[in-house]
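What follows is a single structure, written as C-alpha cells, with notes after it.
No hydrogens, no waters, no symmetry mates; every other heavy atom, side chains included, goes into these values. When a ligand or atom number is given, it counts from 1 through the structure's own listing order. Only a predicted model underlies this, so the values are computations on that prediction, with no experimental measurement involved.
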Amino acid sequence: MNKERKLIVAGNWKMNKTVTEATALVESLDRDLGTQTDVDVVVCPPFTALDAVSAKLRNSLIKVGAQNMSENDYGAFTGEINAGMLRDLLVHYVILGHSERREYQQESDAMVCSKTKAALAAGLKPIVCVGESLAQRDANETEAVIGGQLQGSLAGLDAEQMKGTVIAYEPVWAIGTGKTATTEQAQQVHAFIRREISKSHGNEIAQTIRIQYGGSVKPDNARELLSQPDVDGALVGGASLDAGSFSDIINNTRN
Ligand code: PGA
C-alpha cells in the first residue's frame, strides 16, 4: 500500500493473556512478521506479561507497548506503574486515554495530557486515544467531542513532543461490537483530526503525525480502512489476541 506516512499497527490485548500465553503469541508473531519492515508493529500486553514479552522480542522489529501508566513519578501511589518502570522493561509505546479507561477509571483529558507529557519525558511514544460515543455521533457532536478531547489531551505539547506522539481515533460504538466505522466515516474524522492538529501545531506536524483507526478492525476490513489517505494504521483489540488474525491484518495492508 502506497502511503504518505509509515503505517503503525498496534495490538491492544486489554486484560487478556497469561505470561505463557503471551510469550507463545509473540513467538508466532515474530515468526510471521519479524522480518517485515513496511509496517511498524507494536504489541501491548498486560503489565504482568511485559517483561517476558519484551525479553522474547529483544532482537525483533516488533515493539512492545503498555496499555496505561501513571502520570506521577516515583512515590506513594499504590498499584500504579510509572514511565521509568516501563522503560526499564524496554517498552517503547504506551496507550493513553483509551475509552475504557476514560469510562471505567474516569480518566479526564487533563489526566491523559499529564500522562502524555510524563511518557514523552521518559522517552516513551504515547498512543493517545480519542473517540465519540454513539449518542454523541447521533447528536451530531462527533467533531465537537473529538476536538475537545484533542485540545485537552494534547494541551501544551510542543512540536518535538507532537512528533513523538501517535493519535488513535476509536469511535466508542465500534469497539468490541463488530460494528466498524465505514471507510468514509473513518476518513472524515481522521481528516478532521489532522485539520485540528494543523490549527494547533501547524501543517508540518499535522502532515507527519500518524493517526490510527481502532474499533473492530479485522483481517477482512483492514486493507480498505487503512487505504484511506488519512488513516495511518490501526489499534486492534480482539483480533490481536490471535497471531494468525493479527498478522493477517498487517499482511493485508502491505503491498
Ligand atoms: P476491538 O478493540 O478491535 O476489539 O474493537 C479496539 C480497541 O479497543 O483498541
Could an N or O of ligand 1 be found under 3.5 Å from any N or O of Ser216, whether backbone or side chain?
yes

Can a side-chain donor-acceptor contact be found between Glu132 and Tyr169 if the only test is distance below 3.5 angstrom?
yes

Examine ligand 1 and decide if any of its atoms is less than 4.0 Å from a heavy atom belonging to Ser240.
no

Taking atom 9 (O) of ligand 1 as the reference point, the nearest protein heavy atom with its distance:
Glu170 OE2, 2.7 Å

Heavy-atom distances under 4.0 Å decide this one: backbone, side chain, both or neither, for Cys129 against ligand 1?
neither

When every non-hydrogen atom of Ala174 is compared with those of Ala181, the smallest separation belongs to CB-N, 4.3 Å

Matching residue for Asn68 among Lys115, Glu100, His98 - test: side chain to side chain donor-acceptor pair (under 3.5 Å):
Lys115

Under 4.0 Å from a heavy atom of Gly176: give me the atoms of ligand 1 that qualify, with their elements.
1 (P), 4 (O), 5 (O)

Using a distance-only test with no angle check, is there a side-chain donor-acceptor pair under 3.5 angstrom linking Asp109 and Gln149?
no

Report the nearest protein non-hydrogen atom to atom 4 (O) of ligand 1: residue, atom name, distance rounded to 0.1 Å.
Gly238 N, 2.8 Å

Heavy-atom closest contact (Ala234 atom, Leu226 atom, distance):
CB-CD1, 4.1 Å

For ligand 1, indicate whether the residue Asn12 contacts it via side chain, backbone, both or neither (heavy-atom separation under 4.0 Å).
side chain

All heavy atoms of Phe47 vs all of Ala66, minimum pair found to be CE2-CB, 4.1 Å

With heavy atoms of Ala174 as the reference, note each atom of ligand 1 found under 4.0 Å away.
5 (O)

Lys218: heavy atom below 4.0 Å from ligand 1, yes or no?
no

Over 12 foreign heavy atoms within 6.0 Å of NZ, Lys17
yes

Students should be able to answer this: which protein heavy-atom is nearest to atom 3 (O) of ligand 1, and at what distance?
Gly237 N, 2.8 Å

Is the shortest N/O to N/O distance between His98 and ligand 1 below 3.5 Å?
yes

Carboxylate-amine/guanidinium contact Asp40 Lys6, below 4.0 Å:
yes

Enumerated ligand 1 atoms positioned under 4.0 Å from heavy atoms of Gly215:
5 (O)

